[in-house]
Undergrad: 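Dropping the structure in here first, questions after.
Fair warning: this is a prediction, and the values are worked out from it, not measured in the lab.
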Amino acid sequence: MARPEYFVFNDENVRNSYGFYINTLGIKMDRFNDNPVMLNNHINSNENVIGNWSDSLKENGLLKLKPHFDEETNLGKDVAGKVDRGYLKGCSMGIIPNWDSVQKVGDRLIMMECELAEGSIIPVPSNKGAIAIYSVDGELMKEEDVKSLCLSVTEKINGIPENLNSKTDMNKIILSVAALMALSFKDQPKDGLDVADVEAKVLGLSKQVTDLTAENQGLKLAAETAKEAQEAAVKLAATQNVDLAITQGKIPADKKEAFVQLGITSPEVLQTTLDSIPAKQNLGAGVIVPGGTGGAPTVATMDEFQKLSVGDQLSFKADNPNEYKKLVESIK
């Protein structure tokens, strides 16, 4: 028996195993197209990926896709063989439903929108329209939970209950399916949920938002502080390098700010630029002038060195390395 060219994922004229119809044109494919995975019987694990799908086609109310089996694996080859020999013919799509899109058209409940998550080869579908339902976070939902949600949707569409007339009804509230899922309620009684329970869930979510907001602000402040410290360190290093270059006669003092800005923008470019400029010769280098005029300043002790300006300190260290070494050793 030849392998079928296409498998039918959905027929909008066939009621599925949960009692509603799915509008084929409303099936969103974006998420699926990024990873058109073929599973073995809706088992969501790496070992049960048996291939993928391509060439989706929507026509005459049908959604059809071409199968491609991974026959390099034992399971993929085994399932493909059963399909080729006609023993496996069933296909079932896994969807993430939009429960709020369900409408009643005549005697039909129709889900107008959903998102395709995966397509599976299955042995015995419960009927021609078998599907699997996933939650918004990608977890396969239990059958009883899906049936409960379907019941809630049906009751909401049918207007049950429309009016709450008992005194205690004032403490009840009917939630939409989306609100039930967002607040982690599995289902709701026909007369609604206790307001106190709903408020507790809402307050819990509010606290989570507040905590996350505070944490985010703390991280933002820490990042800004670290950035400011880094910028200050870069500016200090650039300023020291430029001061030294001015002392060495490489650049004029009135160009200091321009070179500092260059160092902030790119420390490497500043260093390369300064290294390429020759220093002016200092005929007094290596000589300590007694009167302190011309050449390097007179420095006899570390206290005298520390009283010098930053420029004179840098000049003394550059021009008199041996004398500076003696000063450092004198305080050890």
Undergrad: With side chains defined as the heavy atoms from C-beta onward, is the minimum distance between Lys250 and Leu244 less than 4.5 Å?
TA: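 When only atoms from C-beta onward are counted, Leu244 and Lys250 do not touch, as no gap falls below 4.5 Å.
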Undergrad: Please report the closest heavy-atom contact between Leu140 and Ala132, naming both atoms and the distance.
TA: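 Here Leu140 and Ala132 meet closest at CD1-CB, 3.7 Å.
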Undergrad: Applying side chain to side chain donor-acceptor pair (under 3.5 Å), can you list everything that pairs with Asp211, at least two apart in sequence or on another chain?
TA: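 For Asp211 the side chain to side chain donor-acceptor pair (under 3.5 Å) partners, ignoring immediate neighbours, are Lys207.
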Undergrad: Side chains of Asn13 and Arg108: closer than 4.5 Å at any heavy-atom pair?
TA: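 In contact.
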Undergrad: Are Phe316 and Asn320 packed together at the side-chain level, in the sense that at least one heavy-atom pair is separated by less than 4.5 angstrom?
TA: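 Heavy-atom side-chain distance check passes, below 4.5 Å.
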Undergrad: Work out which heavy atom in Asn241 is nearest to a heavy atom in Leu274; give both atom names and the distance.
TA: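 Nearest pair, atom of Asn241 first, then Leu274: O-CD1, 3.8 Å.
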Undergrad: Using the rule given for side chain to side chain donor-acceptor pair (under 3.5 Å), can you reason through Tyr134 versus Glu115, listing the C-alpha separation, both sets of side-chain angles and the distance that settles it, and then say yes or no?
TA: CA-CA 10 Å; Tyr134 289 83; Glu115 185 173 7; over 6 Å; no
Undergrad: Is there a side chain to side chain donor-acceptor pair (under 3.5 Å) between Ser120 and Glu118? Walk through the geometry before answering.
TA: CA-CA 7 Å; Ser120 288; Glu118 51 91 2; 2.8 Å; yes
Undergrad: Asn48 side chain to Asn44 main-chain N or O, any donor-acceptor pair under 3.5 Å?
TA: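 No, because the side chain of Asn48 does not come within donor-acceptor range (under 3.5 Å) of the backbone of Asn44.
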Undergrad: Can you tell me how far NZ of Lys28 sits from CD1 of Ile96, rounded to the nearest 0.5 angstrom?
TA: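 Between Ile96 CD1 and Lys28 NZ, I get 10.5 Å after rounding to 0.5 Å.
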Undergrad: Thr73: what forms a side chain to side chain contact (heavy atoms under 4.5 Å, CB included) with it, not counting sequence neighbours?
TA: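 Here the qualifying residues are Asp70.
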Undergrad: Indicate, with yes or no, if Met141 and Val102 share a hydrophobic cluster defined by side-chain heavy-atom contacts under 4.5 Å among Ile, Leu, Val, Met, Phe, Trp and Tyr.
TA: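 Yes, one cluster joins them.
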Undergrad: Could you walk me through whether Lys66 and His68 satisfy the side chain to side chain contact (heavy atoms under 4.5 Å, CB included) test, starting with their C-alpha distance in whole Å, then the side-chain angles of each, then the deciding distance to 0.1 Å, before giving a yes or no?
TA: CA-CA 7 Å; Lys66 285 185 178 181; His68 304 282; 4.1 Å; yes
Undergrad: Given the rule in the side chain to side chain donor-acceptor pair (under 3.5 Å) test, do Asn216 and Thr213 qualify, once you have shown the distances and angles that lead to the verdict?
TA: CA-CA 5 Å; Asn216 182 59; Thr213 300; over 6 Å; no
Undergrad: What's the spacing between Lys325 NZ and Lys317 NZ if we round to 0.5 Å?
TA: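 Going from NZ on Lys325 over to NZ on Lys317, the span is 14.5 Å.
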Undergrad: Under 4.0 Å between a Lys/Arg side-chain N and an Asp/Glu carboxylate O for Asp78 and Lys82?
TA: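 A salt bridge links Asp78 with Lys82.
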Undergrad: Have Asp312 and Ser315 got a donor and an acceptor in their side chains that come within less than 3.5 Å?
TA: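 On atom types as modelled, these side chains do not qualify, holding no pair under 3.5 Å.
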Undergrad: Working to the nearest 0.5 angstrom, can you tell me the gap between Leu39 CG and Asn52 CG?
TA: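 One gets 11.0 Å once the value is rounded to the nearest 0.5 Å.
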Undergrad: Ignoring hydrogens and angles, tell me if any N or O in the side chain of Asp194 forms a donor-acceptor pair with the backbone of Ala196 under 3.5 Å.
TA: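 Checking the backbone N and O of Ala196 against the side chain of Asp194, no donor-acceptor pair under 3.5 Å is found.
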Undergrad: Verify the cluster assignment for Leu314 and Val260: are they in a single hydrophobic cluster under the rule of side-chain heavy atoms below 4.5 Å apart?
TA: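 The answer is no; the residues belong to distinct hydrophobic clusters.
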Undergrad: Taking the side chain as every heavy atom from C-beta outward, state whether Phe259 and Ile251 have any atom pair closer than 4.5 Å.
TA: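 Yes, side chains in contact.
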Undergrad: Counting heavy atoms not belonging to Asn74, are there more than 12 under 6.0 Å from its CG?
TA: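 Open.
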Undergrad: Determine whether Leu75 and Asn40 satisfy the following criterion, side chain to side chain contact (heavy atoms under 4.5 Å, CB included), listing intermediate values before the conclusion.
TA: CA-CA 9 Å; Leu75 182 58; Asn40 177 41; 4.0 Å; yes
Undergrad: Which heavy atom of Ala117 sits nearest a heavy atom of Val37, and at what distance?
TA: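 Of all heavy-atom pairs spanning Ala117 and Val37, the closest is O-CG1, 4.3 Å.
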Undergrad: Mind checking whether Ile246 and Ile264 sit in one hydrophobic cluster, side chains of I, L, V, M, F, W, Y counted as touching below 4.5 Å?
TA: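 Same cluster.
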Undergrad: Applying side chain to side chain donor-acceptor pair (under 3.5 Å), name anything that partners Gln103, two or more places apart in sequence or on another chain.
TA: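 Here no residue qualifies.
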Undergrad: Sequence neighbours excluded, which residues qualify as side chain to side chain donor-acceptor pair (under 3.5 Å) partners of Thr24?
TA: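 Here the qualifying residues are Asn10.
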Undergrad: Return the minimal non-hydrogen interatomic distance between Gly263 and Val234, and the atom names on each side.
TA: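 Smallest interatomic distance, heavy atoms only, reads O-CG1, 3.9 Å.
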Undergrad: With rounding to the nearest 0.5 angstrom, report the CG to CG distance, Leu262 to Leu270.
TA: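 Separation between the atoms: 5.0 Å.
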Undergrad: Enumerate the salt bridge (charged side-chain N to carboxylate O under 4.0 Å, His left out) contacts for residues 90-99, please, sequence neighbours excluded, ordered by first and then second residue.
TA: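 Listed by first then second residue: nothing to list.
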Undergrad: Which is it for Glu199 and Val195 under the side chain to side chain contact (heavy atoms under 4.5 Å, CB included) test, yes or no, and what are the steps along the way?
TA: CA-CA 6 Å; Glu199 289 178 345; Val195 171; 3.5 Å; yes
Undergrad: Which residue pairs pass the side-chain hydrogen bond (donor to acceptor under 3.5 Å, both in side chains) test with at least one member in residues 254-263, sequence neighbours excluded?
TA: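 Listed by first then second residue: Asp243-Lys256, Glu257-Gln261.
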Undergrad: Using modelled atom types and a 3.5 Å cut-off, is there a donor and acceptor pairing between side-chain atoms of Ser206 and backbone atoms of Val202?
TA: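 Flag not set: sc Ser206 to bb Val202 has no pair under 3.5 Å.
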Undergrad: Taking only residues two or more places apart in sequence, or in another chain, which ones meet Asn98 in a side chain to side chain contact (heavy atoms under 4.5 Å, CB included)?
TA: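 If we apply the side chain to side chain contact (heavy atoms under 4.5 Å, CB included) test to Asn98, skipping adjacent residues, the hits are Asp100, Ser101, Glu113.
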Undergrad: Please identify each residue that fulfils side chain to side chain contact (heavy atoms under 4.5 Å, CB included) with Ser92, with sequence neighbours left out.
TA: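 His42, Ile122, Ala130.
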Undergrad: Could you list the cluster mates of Leu203? Members are the ILVMFWY residues connected by side-chain heavy atoms closer than 4.5 Å, either directly or through other members.
TA: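 Besides Leu203, the cluster holds no residue at all.
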Undergrad: Tell me every residue that passes side chain to side chain donor-acceptor pair (under 3.5 Å) with Lys64, counting only those two or more places apart in sequence or in another chain.
TA: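 With sequence neighbours excluded, Lys64 shows a side chain to side chain donor-acceptor pair (under 3.5 Å) to Glu59, given in chain and number order.
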Undergrad: Are any of the side-chain heavy atoms of Val83 and Pro4 separated by less than 4.5 Å?
TA: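 Of all side-chain heavy-atom pairs linking Pro4 with Val83, at least one is under 4.5 Å.
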Undergrad: Could you please spell out the steps behind the side chain to side chain contact (heavy atoms under 4.5 Å, CB included) verdict for Leu193 and Phe185?
TA: CA-CA 9 Å; Leu193 293 160; Phe185 286 110; 3.9 Å; yes
Undergrad: Could you pull out the closest heavy-atom pair between Phe32 and Gly119, with the gap in Å?
TA: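 Between these two residues, the closest heavy atoms are CE1-N, 4.1 Å.
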Undergrad: If you round to the nearest 0.5 Å, how far is CD1 of Ile110 from CD1 of Ile22?
TA: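 One finds 11.0 Å between CD1 of Ile22 and CD1 of Ile110.
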Undergrad: Angle class for the Trp53/Phe7 ring planes (parallel below 30°, perpendicular above 60°, tilted otherwise)?
TA: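 Geometry flag for Phe7 against Trp53: perpendicular rings.
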Undergrad: What distance separates Leu116 CG from Ile27 CD1, expressed to the nearest 0.5 Å?
TA: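 Here the interatomic distance stands at 7.0 Å.
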Undergrad: Cluster question for you: counting only ILVMFWY and a side-chain heavy-atom cut-off of under 4.5 Å, with indirect links fine, are Met29 and Met111 together?
TA: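 Linked within one cluster.
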Undergrad: Is there a side-chain contact between Pro97 and Ile133 (heavy atoms, below 4.5 Å)?
TA: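 The answer is yes; the side chains approach within 4.5 Å.
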Undergrad: Please examine the side chains of Gln271 and Asp275, heavy atoms only from C-beta on, and report whether any two atoms are closer than 4.5 Å.
TA: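 Asp275 vs Gln271: side chains touch.
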Undergrad: Kindly indicate whether the side chain of Val299, heavy atoms from C-beta on, has any atom under 4.5 Å from the side chain of Leu308.
TA: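 Answer yes - side chains close enough.
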Undergrad: Identify whether Ile43 and Ile50 are in the same connected component of the hydrophobic contact network (ILVMFWY, side-chain heavy atoms under 4.5 Å).
TA: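 Hydrophobic grouping puts Ile43 apart from Ile50.
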Undergrad: Using the test side chain to side chain contact (heavy atoms under 4.5 Å, CB included), find all partners of Leu221 that sit at least two apart in sequence or belong to another chain.
TA: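 Checked Leu221 against side chain to side chain contact (heavy atoms under 4.5 Å, CB included); matches are Glu224, Thr225.
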Undergrad: Sequence neighbours left out, what passes ring-ring contact (aromatic ring centres under 6.0 Å, His included) with Tyr21? Give chain and number order.
TA: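 In terms of ring-ring contact (aromatic ring centres under 6.0 Å, His included), with neighbours along the sequence ignored, Tyr21 is linked to no residue.
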